[in-house]
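Hydrogens, waters and symmetry mates are skipped; everything else that's a heavy atom, side chains included, is used. Each chain gets a letter, A, B and so on, in the order its sequence line appears, and its residues count up from 1.
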Amino acid sequence: MTDSNFGKGCHLHLIDGSAFIFRAYHALPPLTRKSDGLPVGAVAGFCNMLQRYVDGDHGADAPTHLAVIFDAKGDNFRHKLFPDYKANREEMPEDLRPQIPLTRAATEAFNIPSIELEGFEADDIIATLTCRARQAGGRVTIVSSDKDLMQLVGGGVEMMDPMKNIRIDRDGVIKKFGVPPEKVVDVQALAGDSIDNIPGAPGIGIKTAALLINEWGDLETLLDHAEEIRQPKRRQTLIEKRDQIELSKKLVQLDCKMPLDVSLDDLELREPDPDKLLAFLAEMEFRTLSRRIAEKLGVEPPVIPEKAPDPAGDAPAPDDQPFDSANYECVRDAQALQRWIDLIQFRGWVAVDTETTSLDEMRADLVGISLAVEPGSACYIPLGHKDGATDDLFGSDALAEGQMDKAQALGMLKPVLEDDSILKIGQNMKYDAKILARHGIDVAPIDDTMLLSYAMHAGLHGHGMDTLSERYLNHTPIPIKPLLGSGKSAITFDKVKIEDAVAYAAEDADITLRLWRVFKPQLHRARVTTVYETLERPLVPVLARMEMDGIKVDRDTLGRMSNGLSQKMAALESEIHELAGEEFNVGSPKQLGEILFDKMGIEGGKRGKTGAYATGADVLEDLAAEGNELAARVLDWRQLAKLKSTYTDALQDHINPETGRVHTSYVIAGANTGRLASTDPNLQNIPVRTEEGRRIRKAFVAEPGNKIVSLDYSQIELRILAHIADIPALKQAFADGLDIHAMTASEMFDVPLDQMTPEIRRRAKAINFGVIYGISAFGLSRNLRIPRSEAQEFIDRYFERFPGIRAYMDDTVAFAKEHGFVRTLFGRRINTPEIAARGPRAGFARRAAINAPIQGTAADVIRRAMIRMPDAIAGLPAKMLLQVHDELLFEVAEHAVDKTIEIARSVMENAPEPAVKLDVRLTVDAGVGDNWAEAH
DNA sequence: CTAGAGCGCTCG
DNA sequence: GTACGAGCGCTCTAGC
């Protein structure tokens, strides 16, 4: 490249594009394009800044040449030198991502050259152009606040900080770094940079670094004479960390000689083409800006149709297409698929849905994939539909005609589904991510309409697609029932005719995309963007991994237990029949009630809403205490029946034949408070409270050479209560490591701790839990089996001793009444629509509102720990397997047990930070064993 | 025959 | 009429 005309008298201005973008993003509210909700706030800010820069008064520093320099996506040569380079960088906000290409388009619309090159950072391009301009005798202004660029200043090169609007010359650099520009890299190599993750020399900051460089002249001399440093700490660091420091210098040193296919002459200042520029601004729907620019250019401003904002906020945008399944395309070959991929790449996002043969992701076969890019335009790619003509019981039907080869289609889709710059939108993405992961595809990044709804609407309604579609799109999705049938005669999706599948499957992707366009711009209005970004979205891959790993369950242990239980139950059953004087179904509460309260004539039987007698454990226990043998035996039988049916039998059916492990599924958007729920099977209610039940846990084992490790938060909800309600006595008790229930008992009943009895402690414990549950005299009296008046006295005394509790309860209910929701410490929103109800429902809503911030904050804490856990234990032979609300279960190679506990505990105990600093520290108890029973 | 309500029990 | 938050197996009934 020749820069033949560039020289003395020329002044090149180089704008650091990223700096402009980030400043624009943070300076403006999250604007979206009205017609389709595309986020454009950063683009708007970027255009404004460009326009102001070009038209600004630069005096003697006016540009003759101008370019905007961008960072290319992906890694550069520095990552090869140091894989962790910029590893501390926070991920780009999701609503900024799609705006990045638009800022390039904006630059072009302004007719300003934009330069980027894969494998290099913007800084290197700036360095190269700066060197060339300086050699040619011209001047340069670098528009950036990035201090890494200060090494280029001097010899006609200055920086211009667009934030503060000040110019920085050689003296400015000396002021900032304490050394002239040519020695800046030496200082940076020593001082390091936490933002870019440049290690530097530990303990040495910019001040010290400048001192050392000024003393020794340059870095190499300094390092060669490190032995002569007087301060022992400094000397040792410089000697020991020499490699790290030299690496740091390579990382901060900008490349002045990159191969750049641009000549300086190409960058000569030029006027924008009004048509092009205004067309772009109109496309972005920037009304004010296009009016201003049109005025300046002396042309008519473009007409941008005004779309009336939807007053309800929830209804579909009026310009959305009606649903019409005839518009959906069936993709049957590579050409057709490539067209969709092109569309997706152009758009930067796609709604994805997979169709399979089972709701169990670990057993499901992939049958097809649907994609949607814009409302009303979606496709279905059949991949595994069987020819339904033959009725083959062995499922060996041939594939139906007109389908792409599955491997070929997945091969084409993989780069898209894994592309950092393309957002994949799904409804319950964890399901699809697991299916695709089993085909070697790691879907990322993702958005999930179910989780968007959950973050905003928890407590208002469910978050299934049918519910959301009806509520927010006013559209009832095609039901799956007519396609699959039900019960015994139900078929799997692979047997559905492709023509029928297209309408159903493509519509799901279409609905998902439309929901996303409704929900995404509403996140910030509900003030749950951070909740969604830090507690919902990042949890998806973590749970997917845990669920796919599963936990090993020993079938023989369960089988033997089942047999043993059968025998004991049979014996009990005969006894029960004899006591009853007739044979009846012991498992039928209705029949049991009739025997007890009608036939045997026991007084005081209470009937439920169906008219049947209540025969719950509390009722039977009272009868048994009065000496009723039948009630006692039925209680025994029920315990065994529960263990057998729900656990020893059912669990065996959940052992995956291929993995030999049990793979639960966590419902992220199930519990209103933020808790997870475990299903198919539920592994969060495996028995533990009785010895008999605990034996089930022995069947949950580690692989040979491994251990099961359990870590659980100690009294997390009470600790959170102490913090939220601000109870000094409780906080102090936790700080002192006291037995919290005993301490409460002592305080309430004036019993010294050394004279505490189990009975008094039990009562205090019940009250402590009652407080978390939104205590009532009725509830406490029933739980402790004491008169209501006595329960009321306890509660009164509790409030007297801990007055903050009452204030917390009153304040929380008042907040819920005013706003219709409550929040956790981390901002999670739990809607409380029933708080305005009258009658018994009001009581329920009150107590739920009091409980939600406590339970929800605890749920947020463990979510944070789980999200951080994979990175924390990466490299250790350890897997996180299960979550049980306040407990995490791991499978760990024996030799790494101690290290894993140390790291995982630290992650869990520090999980609230830095977002929240609790007044009470969280403590985590650990257990290790060959099985879950031993570890707990 | 199937779906759904109700009951009861498991967990934190 | 009640302690908060969940899931699931069994029985029974209503409705196809």
Side-chain angles (χ1 to χ4, degrees), chain A residues 458-459 481 485-490 584-593 606-620 634-635 637-647 649-651 653-654 664-667 670-690 692-694 696-697 712-713 715-718 721 766-784 788 791 795 830 839-856 858-859 862 882-887 936:
Chain A
K481 263 283 201 49
S486 67
K488 266 175 148 182
S489 59
F584 70 103
N585 185 347
V586 185
S588 166
K590 183 165 166 275
Q591 293 178 30
L592 175 67
K606 293 200 174 64
R607 292 178 187 272
K609 56 180 128 183
T610 54
Y613 290 107
T615 66
D618 48 349
V619 176
L620 297 187
V634 170
L635 280 171
W637 183 90
R638 279 199 185 155
Q639 195 200 358
L640 304 183
K642 179 73 176 179
L643 292 180
K644 179 162 153 51
S645 68
T646 309
Y647 300 106
D649 284 355
L651 223 37
D653 298 337
H654 281 286
T664 184
S665 182
Y666 288 99
V667 187
N672 289 338
T673 54
R675 271 197 181 181
L676 301 179
S678 159
T679 67
D680 307 303
N682 180 356
L683 296 185
Q684 290 180 324
N685 69 348
I686 302 301
V688 70
R689 290 174 187 170
T690 66
E692 188 77 3
R694 257 196 303 277
I696 309 266
R697 295 195 171 211
D712 68 292
Y713 286 106
Q715 306 286 9
I716 186 168
E717 292 193 354
L718 276 174
L721 173 71
I767 299 170
N768 274 335
F769 276 106
V771 167
I772 291 172
Y773 297 154
I775 201 158
S776 72
F778 183 92
L780 185 64
S781 74
R782 227 182 52 159
N783 191 282
L784 286 178
R788 233 168 114 164
I795 294 172
I830 298 130
R841 286 144 61 113
F844 278 115
R846 257 188 96 254
R847 293 191 295 269
I850 290 167
N851 172 259
I854 303 167
Q855 186 181 120
I862 198 164
L882 299 180
Q883 188 249 44
V884 192
H885 310 307
D886 64 358
E887 172 187 11
H936 190 81

Legend entry - DNA chain B contacts among residues 677-686 of chain A, heavy-atom distance under 4.0 Å: A:Q684, A:N685, A:I686
How would you list, by chain and number, every residue that makes a side-chain hydrogen bond (donor to acceptor under 3.5 Å, both in side chains) with [X], sequence neighbours excluded?
| X | result |
| --- | --- |
| A:R607 | A:Y613 |
| A:R782 | none |
| A:Y773 | none |

Inset, instruction - For nucleotides C:dA3 and B:dA5, find the distance between their C1' atoms and express it as a whole number of Å. - result: 24 Å
[X] near the nucleic acid: base, sugar-phosphate alone, or nothing, with a heavy-atom cut-off under 4.0 Å?
| X | result |
| --- | --- |
| A:G843 | nothing |
| A:T646 | sugar-phosphate |
| A:A852 | nothing |
| A:D649 | nothing |
| A:R788 | base |
| A:D886 | sugar-phosphate |
| A:A858 | nothing |

Whole-Å distance between [N] [atom2] and [X] [atom1]?
| X | N | atom1 | atom2 | result |
| --- | --- | --- | --- | --- |
| A:R607 | B:dG6 | CZ | P | 17 Å |
| A:I862 | B:dC11 | CD1 | P | 18 Å |
| A:L651 | B:dC11 | CG | C1' | 14 Å |

Inset, instruction - Using the heavy-atom set of chain A and a strict 4.0 Å cut-off, write down the first and last nucleotide of DNA chain C that makes it in, 5' to 3'. - result: C:dT2 to C:dT13
Inset, instruction - Report yes if at least one side-chain N or O of A:R689 is closer than 4.0 Å to OP1 or OP2 of B:dC9; otherwise report no. - result: no
Identify all side-chain donor-acceptor contacts of residues 675-682 of chain A below 3.5 Å with residues at least two apart in sequence or on another chain.
unit_1 : atom_1 : unit_2 : atom_2 : d
A:S678 : OG     : A:T664 : OG1    : 2.7
A:S678 : OG     : A:P681 : O      : 3.3
A:S678 : OG     : A:L683 : N      : 2.8
A:T679 : OG1    : A:S665 : O      : 3.4
A:N682 : OD1    : A:Q684 : N      : 2.7

Inset, instruction - Please confirm whether the backbone N or O of A:I772 pairs with a side-chain atom of A:N851, one donor and one acceptor, at under 3.5 Å? - result: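 Between the backbone of A:I772 and the side chain of A:N851 there is a qualifying donor-acceptor contact (under 3.5 Å).
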Inset, instruction - Keeping the roles fixed (side chain from A:T646, backbone from A:L643), state whether a donor-acceptor pair exists under 3.5 Å. - result: no
